[in-house]
Amino acid sequence: MPWNDNAGPGPWGSPPPGDDKNDGGRNKSDPGRRPSGPPGVPPPPIDVSELVERITERLRGTFGGPGRGKAIMLGAGAVVGLWLLTGAYVVQPNQQGVVTTFGAYSRTSNPGLRYHLPWPFEAVQRVPVTSIQTLDIGGTPGAEMPAERLMLTGDENIVDLSFTVQWRVSDAGKYVFNVREPNGVLKDVAESAMREVVGKTALTPILTNGRGQVEAQTRVLMQQVLDRYDIGIYIEGVRIQVANAPAPVVDAFRDVQRAAQNAQSAANVARGEAAQVIQQAKGYREQVVREASGDAARFNQVYDQYKLAPAVTRERLYIETMQRVLEKSNKVIVDNKGANAPVILPSDTFRPRTAVAPAAVAPAATDGVAR
């Protein structure tokens, strides 16, 4: 009989009773054990329900019973719930939220309570879009002068100029993703635009009354460049803070400015005096015209009266004329009836008198009376 026949002893004899070493250390009563049978005979079927029950009992033993397993499941559910809640976020009224999915732009969210998939699937970056931000180019007044403040003007002079740019974000998605460093790009564009505008403008307007035009042209040029970059920034305004001549020649430029101001002041005074003379001439012309019109109207009235009574009108005109002639002159009345001697009057008789003088009496020989 062969040595591997289970029914007979092996080549070293029959195993002792109860020895299960030839069974792989498994107990014969183990339901999961598939007992071996004679060759050619199929093994008995496995009891699935009993196998599931044994596995369940082993799991319960591992987790300490059904109560502990339920607690673990509840804890895992709470952790998952908290993880899902991390996707809730709030966008403030002055902000827009830029949502990214695995680092790529996904959408832009408006103010309010919003939700995105939790990390690591999605993330959000909040960007202020209504706040006005400022960018200083050239430093602050009184600080050390950087090289960016010196600019070449259109008439080949150098101006020490610093300015401020007021801007805001118009599109949060473009601001975050279209340019790597939008603030650095904004500064470069601002300096380049200002240098271009200053390079087309003479020095005197920049130092005096041409700053407004320089600011407006710079803002328009900056916006055009930023729109081509599609950076999502809107320029609110440009304000020149300091515009002076370089330090070595600042005194000379101030003297020139004072001279120009004095010249402008003198020109204004001359124009004022000329305007005054013109107004006086216009007033005199109006006065003469009105007087002439009045004289003509009065002559017409006298003529109408003359046609009605010529003799009376001539007499009245004669009396009025003599009254106007003799009203303010010195008068001497001489009564020389029957006298043949000449009348001799004092030399100051017809001089202008400032006060009323007593009447002068002519010599008795002439019987004349002077007053």
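Counting only N and O atoms by type, the side chains of Tyr175 and Asn183 include a donor and acceptor under 3.5 Å apart.
The number of heavy atoms from other shown groups lying within 6.0 Å of CD (Glu291) is above 12. In the displayed structure, Gln280 atom CD is contacted under 6.0 Å by more than 12 heavy atoms of other residues, nucleotides or ligands.
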Quick one: do Arg316 and Glu320 satisfy salt bridge (charged side-chain N to carboxylate O under 4.0 Å, His left out)? Show the steps, please. CA-CA 6 Å; Arg316 183 171 63 83; Glu320 290 178 355; 3.1 Å; yes

Glu196 and Lys200: CA distance, side-chain angles, deciding distance, salt bridge (charged side-chain N to carboxylate O under 4.0 Å, His left out) verdict: CA-CA 7 Å; Glu196 180 175 346; Lys200 298 178 180 179; 3.6 Å; yes

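A side-chain contact (heavy atoms from CB on, under 4.5 Å) with Leu161 is found for one member of Ile137, Val198, Val242 and no other, namely Val198. Applying the side chain to side chain donor-acceptor pair (under 3.5 Å) test between Glu236 and each of Arg168, Arg219, Gln166 identifies Arg168 as the sole match.
The salt bridge (Lys or Arg N to Asp or Glu O under 4.0 Å) test applied to Arg180 returns no partner, not counting sequence neighbours.
Residues Thr201 and Thr153 come closest through the heavy atom pair O-CB, 3.4 Å.
Here the side chain of Ser192 pairs no donor or acceptor atom with the backbone of Asp188 at under 3.5 angstrom. Remark: side-chain polar atoms of Glu215 are paired, donor with acceptor, to backbone N or O of Ile240 under 3.5 angstrom. Glu286 contributes no side-chain N or O that, together with a main-chain N or O of Ala281, makes up a donor-acceptor pair within less than 3.5 Å.
Between the CZ atom of Phe177 and the CG atom of Asp230 there is a distance of 14.0 Å, given to the nearest 0.5 Å.
Hydrophobic side-chain contacts under 4.5 Å tie Leu317 into a cluster, directly or through other members, with Val302.
The pair Glu191-Lys187 does not meet the salt-bridge criterion, since no charged nitrogen lies less than 4.0 angstrom from a carboxylate oxygen.
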